[in-house]
Each structure stands twice: as C-alpha cells, then as structure tokens.
Number of protein chains: 2
Amino acid sequence: MVTLYDVAREAGVSTATVSRVIHGQDRVRDATRLRVNEVIERLGYVPDGAAQSLSRRRKEVIGFVCVESRARQYEVENMNLLYYDEVMRGVGAGVSDSGWSLLITYLNGENGQNFARLRNLSGKVDGMLIGHAVVPSSLLARLTERVPVVVIAGAPGETTVDVVTADNRSGSAALVAHLIEVHGRRRFYHVDGPAHLADLRERRLGLERVISAHPGCRVIGSYVGELSVQSGVEAGESLLASHGTSLPDAVVAANDQMAIGVLRALSEAGVGVPDDVALVGFDDIYPGCLSDPPLTTVHQPMRRLGERACIRLMDRMIRPGLRPRAEVLPVELVLRSSCGCPPGTAMRLPVKPVRGSRFGSTKSGAADPGKPNGAAGSACAAGPRRGSRSRPTETIES
Amino acid sequence: MVTLYDVAREAGVSTATVSRVIHGQDRVRDATRLRVNEVIERLGYVPDGAAQSLSRRRKEVIGFVCVESRARQYEVENMNLLYYDEVMRGVGAGVSDSGWSLLITYLNGENGQNFARLRNLSGKVDGMLIGHAVVPSSLLARLTERVPVVVIAGAPGETTVDVVTADNRSGSAALVAHLIEVHGRRRFYHVDGPAHLADLRERRLGLERVISAHPGCRVIGSYVGELSVQSGVEAGESLLASHGTSLPDAVVAANDQMAIGVLRALSEAGVGVPDDVALVGFDDIYPGCLSDPPLTTVHQPMRRLGERACIRLMDRMIRPGLRPRAEVLPVELVLRSSCGCPPGTAMRLPVKPVRGSRFGSTKSGAADPGKPNGAAGSACAAGPRRGSRSRPTETIES
DNA sequence: ATGAAAGCGCTAACAT
DNA sequence: ATGTTAGCGCTTTCAT
C-alpha cells in the first residue's frame with residue numbers, strides 16, 4: 001500500500017507538505033506542489049480513510065438505519081418499504097454534497113441483537129439517521145448519548161430527538177376538505193390503522209378537525225385495520241355489513257393498501273366508486289394510480305425528507321447544543337378519480353400546513369383548520385374559482 | 001469520548017486485556033472478564049471504528065456504487081432503477097451476515113468528478129461492488145489496481161474483473177422457445193436496444209439461437225430503440241408502417257418499457273395482443289403485471305445478484321490470487337397473457353441455462369440450445385407434458 | 001514555505 | 001492469564 005510517507009520520500013518533502021498539497025492548502029510553493037502531485041499520480045496514492053478519520057477525530061460518515069425486508073419485491077403490501085429507498089436517495093444526495101459517506105445498516109425486525117449492532121454502528125459514524133419506529137425509543141435514548149440522531153418520519157411531538165417528518169395532519173385534512181367542499185360528501189367512514197403509530201395519529205387528527213369544523217358532516221363508522229390490502233377488504237365488508245342500508249358517501253383510509261382493499265370489497269358488492277361512495281387513501285403507492293378508479297391520495301416528499309434529515313444531522317453535529325426540533329415537510333394532494341373528480345384527473349396540489357401541524361417550524365402558513373386548503377379544494381371541479389392562486393398543476397402518470 | 005484506556009484504567013487491567021474481553025478471546029479469567037465487562041457497560045464504551053480499521057489494516061467495509069437518479073419516483077421509464085435498491089438489499093444481507101458494513105455512493109451520470117470520488121472511496125473500503133455500465137471500464141481497470149471489484153449485471157465475458165450477472169441469454173431463449181413451441185409463433189419482430197449493452201447482447205443471442213434452431217421461424221424485422229416506453233411506441237409504429245399488411249405473429253422487446261410502448265402503439269392501431277400479435281418483454285417491472293394484457297417477461301434475481309456479488313467479493317478479498325470469474329444466475333420466465341397464454345395466467349418458471357450462457361460456472365444444466373426450456377415451454381398450455389419435471393409454480397401478483 | 005514530531009484509539013506480537 | 005509496546009497512516013501544532 002502506498003502511504004503518505006512513500007509520497008513524501010519520493011518527492012523529497014515532509015509528510016506535512018504532502019498533506020498540505022492534498023488538501024489544497026496555501027503555503028506551498030507551486031514547484032513543490034507540482035512535484036508532489038506528480039508523485040501522487042505516479043504512485044497512485046490514495047489517502048487511507050481510517051487513518052484520516054482517526055487523526056481528524058471525525059469519520060465523515062453518517063449511518064442510515066433501515067428495516068430489512070425479505071418480502072417479495074413488488075408485493076403490494078410492502079410497497080411502502082420502497083419509500084425507504086427513496087428516502088435513502090435523498091440522504092445520499094445530501095451526504096455526498098458535503099463529501100461525506102453513507103453507511104447503511106439493515107435491521108431485521110424482531111432481532112434482539114439489533115441494539116448491539118446499532119451500538120457498534122455508533123462507533124463507525126459521526127451521526128445516525130433512523131426511520132421512525134425502526135428502533136424502540138428506549139434504545140433511541142441510549143443511542144443519542146453516543147451520537148447525534150435524527151429520526152425520519154417520526155412523531156412531530158418528540159422531545160428528546162430531532163425529527164424530520166411529513167405533514168400527515170394537513171394532508172389528511174386537505175383530503176377530507178376536498179371531499180366535503182368539492183364533492184359535497186357528508187357521511188364519512190374511517191378505515192384507520194393501529195392506534196400507536198405516530199403518523200396515523202396525525203392523519204386521524206386531520207380528519208377529525210375538518211369534520212368537526214363542518215357542521216353536518218360526521219363520521220358514521222370506523223374500522224381499525226392493520227394497513228394491509230386484506231384488512232382493507234375486511235374493512236369494506238364490515239362497512240357493508242353494518243351500513244349496507246345507508247352507505248356513507250365517503251371512505252377515508254389510513255393508507256393506500258387499505259383503500260385498495262376497500263375498493264375491492266365495494267366493487268365486489270357492486271357499490272360504485274366514486275359514484276356511490278368516494279374513496280381516498282394515503283401514501284401514493286404505485287398501484288394506486290393503476291386501480292379502477294385511480295386512487296386519490298396524499299404524497300409525501302420522501303426524497304426531501306431524506307435530504308432535510310441529512311442537513312439537520314449535519315447541523316446538529318456542528319452545534320450539539322441545539323435542542324431537538326421537529327421539521328414538518330409539506331405534502332401534496334394527489335387528485336385522481338376515486339374521490340369523485342372526473343375520470344382522467346391527475347394532478348398534484350401542494351398542501352398548505354394547517355394550524356398546529358408544524359412544530360418549531362417558522363413560517364407556518366397557518367390557515368383556518370376548518371378550511372385547510374381552499375385552493376386544493378376547488379381546483380378539481382372546474383378549475384380555480386374566485387381567482388384563487390392555485391399553482392399550475394402537473395400531470396403525474398407518464 | 002470513552003477509550004480503551006479509560007476502560008483499562010478503571011478496571012485495573014491493561015488495554016490488551018480489555019481488547020481480549022471485547023473480542024471474546026480466551027485466556028481471560030472469568031473474574032477479570034466480568035469486571036471489565038462491567039466497566040465497559042458502566043462507561044458506555046464503544047470501540048472506535050477508525051482506530052480498529054487502522055490497527056487491523058482492514059476496514060471491514062465494502063463500497064456499493066449506484067447511479068443517482070433525480071427522476072420522479074415511479075416514472076415507468078425509471079422503474080429499473082428500482083432494481084438497484086433490490087440488489088442493494090441483497091448486498092446488505094450478505095454484508096451484515098459477516099458483520100461488515102456497507103458504504104453507499106451515488107454517482108450522477110455525466111459527472112467528470114466521478115473518478116475522483118471513486119478513487120477516494122477506494123481509500124475507505126476493502127472492496128467495491130459496482131453496477132455494470134455505471135463506471136466506464138477504463139476507470140474500472142484503474143480501480144481494480146487499488147481494491148477488489150465485483151461488477152454486478154455485467155458482461156459474462158469480462159476477463160479483468162469478477163462479474164455476477166443474470167442469465168439473460170437463457171431467459172431470452174426461453175421466452176422465444178415458449179412463443180414458438182407453445183403458441184406456434186413463427187414470424188418474429190425484434191425491438192432491440194443499444195447495441196453496446198452487454199445484457200442486451202446476451203438477450204439478442206438467446207433470441208437468434210432459438211430462432212435459427214427452429215426451421216420455419218425467422219425474424220422478419222427489427223427496430224433499435226432506446227429502452228423507453230416512447231421508443232417502444234415508435235417501434236410499434238414503425239412495425240405497423242413496414243409490416244402492416246403482413247404482421248409478425250410475435251414481438252420480442254429488449255425490455256418491458258419498450259414492450260409496453262409497443263403494446264400502446266398496437267392497441268392504438270386496433271391490433272390485438274396476443275391474438276393478432278404475441279408480445280414479450282424483459283425485466284419484470286411492476287407496471288408490466290398491470291398492463292392489458294399483462295406482460296409475459298423474464299425476471300432477474302436482483303436480490304440474489306446482490307448476495308452473490310457480496311460473497312464473491314469477500315472471497316476475492318481473502319484470496320486475491322483467484323483469476324476473475326463470471327457467475328451467471330438463473331432467471332425466471334414470468335408467464336402472463338401477452339404471449340398468448342390464457343387470461344389470468346400468472347406463473348413463474350425457473351429457466352434452465354442453455355449451453356454457453358454460463359462462464360466458468362460448474363454445473364451448468366447445458367440443455368440443447370434449440371429447445372432451451374422444454375418444461376417452461378409446455379407448462380403454460382396444458383400443464384407439463386411427457387412427465388417433464390417442471391417444478392411447482394406459484395402465483396405472482398397478490 | 002517547509003519540517004519535526006506528537007498524537008488519534010486500537011491491535012497484536014512478544015514478554016512475563 | 002496478563003502486561004508492554006510498537007506500530008497502523010494521517011493531521012496538525014509548533015518550530016524554523
């Protein structure tokens with residue numbers, strides 16, 4: 001292996017000088033610089049990362065922890081795992097802009113060795129990015145003692161750790177407001193997921209707030225599923241069983257998989273979507289744009305989530321003193337036709353944050369929670385009304 | 001930061017002893033071990049990765065190089081980028097089994113700094129995994145001088161570097177044999193891609209071999225596209241223009257995107273698939289299973305590709321003497337209905353390697369290239385004939 | 001503008 | 001069974 005010493009000797013200078021040349025520092029005579037560079041090139045010298053890290057007391061590596069999935073590729077159920085890949089791309093972009101590296105660790109769900117692995121990881125990185133719920137918060141706390149940690153897609157209320165997440169609450173609110181204000185829906189059925197999940201809690205809150213702000217609107221029933229297509233089917237069946245005689249006019253599902261399941265159950269029973277019942281999901285998984293009717297849903301900026309998380313982590317590494325903040329990124333309303341918009345509709349509308357959906361964030365656009373997204377609400381039916389400034393929309397599917 | 005010295009001092013032993021305890025080595029009295037472990041726990045000591053790497057002269061990190069994609073998520077055109085994520089999962093699994101880590105680098109296509117970045121990366125890892133065509137082979141060669149490199153999905157003929165790739169040739173052969181033997185197709189139209197891509201070369205070869213082994217079958221025309229849906233549409237239009245009066249009875253596309261494009265063009269023109277013209281793709285991207293008719297294609301074992309590449313790399317790092325080999329992994333024929341199989345067909349059949357498709361691999365099943373996949377060929381129509389041992393098939397889409 | 005030298009935290013001979 | 005110590009390859013003061 002060619003070392004700095006080899007280069008120094010060969011070029012007839014000291015290691016300090018070689019180091020200076022490598023890092024493009026000043027105080028090196030041009031002639032010297034040239035000579036050193038020539039030797040570096042000739043010898044094919046590449047600095048040893050470990051030695052650099054040790055000497056600088058900084059590894060310039062950040063760790064990214066994901067959940068391992070042995071699931072079959074493209075299983076609808078696991079579509080949202082794909083989001084991790086997207087988040088990772090964002091992180092990758094953020095990281096490499098600064099010349100740092102990204103160290104990946106896949107954790108397998110149940111494993112008791114996970115903490116040992118994370119602990120160990122903490123000795124190899126300067127900071128870590130962890131997906132929400134990937135690591136129990138008890139372990140999180142212990143990790144935080146060692147290295148800065150930023151949680152991605154966690155609960156915005158978290159106080160002990162930095163969080164970068166999407167505005168689930170406003171997304172959900174926008175969806176419901178759209179159903180009410182544009183499509184005149186009043187009687188809602190809520191297909192919810194496990195109670196403890198932070199993002200679902202936000203979505204639930206968004207739904208409830210908008211409903212209660214609209215007199216005459218109400219939730220006539222709900223079902224707690226497990227986020228799978230199958231459990232969506234069951235939700236649909238349960239809905240038909242208990243409300244078959246007086247159907248709701250809209251179903252709001254906690255995620256796209258369940259919405260797809262509901263759609264199946266309703267179609268099976270001959271209930272028309274959106275004519276009899278409007279239906280919306282959440283997440284914007286790929287199959288949603290291919291269902292019949294295509295699914296109206298909310299899209300989270302996964303890539304930006306990764307980028308921001310990365311920037312936040314860097315920031316924290318520079319200033320460890322900062323107290324933990326949550327950063328809530330805006331989502332997009334994805335209008336297709338399951339909500340009642342005309343067939344062929346395909347637009348994305350930025351969702352403005354409703355009050356209370358952002359924590360610690362500065363310029364929150366704080367709209368009235370009752371009418372969370374006037375622009376988005378109106379855009380579909382017949383173009384923007386009242387000259388509202390809905391931004392130009394774009395088509396999604398290619 | 002808590003160091004080994006802190007632990008040693010606190011426990012009243014030498015650093016060597018602490019190191020022994022950490023690595024679970026023998027020759028430590030139980031009492032000592034206990035005491036040291038207690039101190040480690042109490043102080044929250046975690047070994048510094050950089051120092052370990054430097055001292056051991058081994059980083060226990062392998063680098064994975066992918067292409068950066070700024071493309072919109074879920075753009076059909078970029079669906080195969082998703083495969084990288086899948087390969088990466090495989091690599092992740094392989095790597096963590098051995099306690100090593102995975103360092104990711106995203107490269108952006110055109111960038112001239114890429115070599116500098118890779119070179120630099122080589123100072124941080126013990127070996128690298130690179131996707132085929134991600135790095136020009138001139139650079140590859142220079143990289144190989146520094147660290148062991150394994151190329152994923154490259155050309156099996158490569159001589160200077162290890163390659164782990166999928167059996168494109170046999171996959172293509174199986175596809176064509178299926179069209180001929182099961183569906184009686186004779187007149188083929190070939191929608192090819194750029195000539196220089198190694199995997200496409202293999203696919204072309206598979207096609208040609210099977211055709212020429214079947215008297216009466218021939219390629220009546222071809223089109224060289226660029227692997228995009230759009231270029232598939234153009235291929236379809238070109239096909240209609242030049243062969244509109246006497247259509248081929250099968251179209252073989254170099255990838256799924258182009259097959260989807262062809263499907264669009266043909267549908268547009270009122271040509272029925274598969275009744276008028278059978279159509280097959282390659283890659284098994286997700287939208288293929290949702291097209292109408294669903295697309296018959298070939299699936300590559302991306303995850304295993306990653307796992308094997310990883311194992312191969314480890315192997316090479318242990319024994320640098322080995323001369324480069326190619327490892328060709330078997331693919332699966334994915335039968336849906338665009339080939340002429342009945343609507344609702346959804347099965348995957350292992351593809352046995354045809355002669356010449358494997359290089360340096362040991363037990364190649366070397367079937368007659370003329371009838372590359374008897375079992376697969378017959379399975380669709382009415383189940384296996386002649387008691388052939390086609391393995392049990394499974395349904396794909398959930 | 002350049003050099004000398006003291007670490008960075010750990011491992012692994014080698015010694016006891 | 002345990003301790004001593006010489007590196008690993010680089011960065012970075014502090015001299016010159």
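Chain identifiers are assigned alphabetically (A, B, ...) following the order of the sequence lines, protein sequences preceding nucleic acid strands; residue numbering begins at 1 within each chain.
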Give the rounded distance in Å between these two atoms: [atom1] of [X] and [atom2] of [N].
X      : N      : atom1 : atom2 : answer
A:R20  : C:dT2  : CZ    : C1'   : 6 Å
B:L54  : D:dT11 : CG    : P     : 12 Å
A:H23  : D:dT11 : NE2   : C1'   : 8 Å
B:K59  : D:dC10 : NZ    : P     : 9 Å
B:D126 : D:dG9  : CG    : P     : 13 Å
A:R29  : C:dG3  : CZ    : C1'   : 13 Å
B:R58  : C:dC10 : CZ    : P     : 17 Å
B:Q52  : D:dC10 : CD    : P     : 19 Å

Under 4.0 Å, heavy atoms only, any strand: does [X] hit a base, just the sugar-phosphate, or nothing?
X     : result
B:G12 : sugar-phosphate
B:T17 : sugar-phosphate
B:R27 : base

(message) So if I apply the side-chain contact (heavy atoms from CB on, under 4.5 Å) rule between A:I22 and each of A:T17, A:L4, A:N37, A:V7, which one comes out positive?
(response) A:L4

(message) Taking the nucleotide of DNA chain C with the nearest heavy atom to each, does B:D48 or A:S14 sit closer to the 5' end?
(response)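 On the 5' side of the pair lies A:S14.
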
(request) Examine C:dT11: is either OP1 or OP2 under 4.0 Å from a nitrogen or oxygen in the side chain of B:R56? Give yes or no. (result)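 Looking at the OP1 and OP2 atoms of C:dT11, one of them is under 4.0 Å from a side-chain N or O of B:R56.
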
(request) Check whether any side-chain nitrogen or oxygen of B:Y45 sits under 4.0 Å from OP1 or OP2 of C:dC10, and answer yes or no. (result)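 Indeed, a polar side-chain atom of B:Y45 lies that close.
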
(request) Please figure out whether B:S55 or A:Y5 has its closest DNA chain D nucleotide nearer the 5' end. (result) B:S55

(request) Report the residue (A:A50 or B:T32) whose heavy-atom-nearest nucleotide on DNA chain D is the more 5′ of the two. (result) B:T32

(message) For the backbone of B:P148 and the side chain of B:R316, can you confirm whether one donor and one acceptor N or O come within less than 3.5 Å of each other?
(response)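 Looks like no, no N/O pair under 3.5 Å.
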
(message) Test your reading of the model: is there a side-chain donor-acceptor pair from B:S53 to the backbone of B:G49, 3.5 Å cut-off?
(response)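 Answer holds: yes.
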
What nucleotide among [options] has an atom nearest to a side-chain atom of [X]?
X     : options              : answer
B:A16 : C:dT2, C:dC10, D:dG3 : D:dG3
A:V13 : D:dT2, C:dG3, D:dT4  : C:dG3
B:S19 : C:dT2, C:dT11, D:dG9 : C:dT11

(request) Kindly say whether, by distance alone, the side chain of A:T15 makes a donor-acceptor pair under 3.5 Å with the base of C:dG3? (result) no

(request) Measure distances between side-chain N and O atoms of B:R57 and base N and O atoms of D:dG9, and say whether any donor-acceptor pair falls under 3.5 Å. (result)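 Such a pair does not exist between side chain and base.
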
(message) Between B:K124 and A:D48, does any NZ, NE, NH1 or NH2 come within less than 4.0 Å of an OD or OE carboxylate oxygen?
(response) no

(message) Regarding A:R142 and B:E41, does a basic nitrogen lie under 4.0 Å from an acidic carboxylate oxygen?
(response)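 So A:R142 pairs with B:E41 through a salt bridge.
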
(message) Measuring from atom CG of B:L103 to atom CG of B:D126, what distance do you get when rounded to the nearest 0.5 angstrom?
(response)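 Going from the CG atom of B:L103 to the CG atom of B:D126 covers 11.0 Å.
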
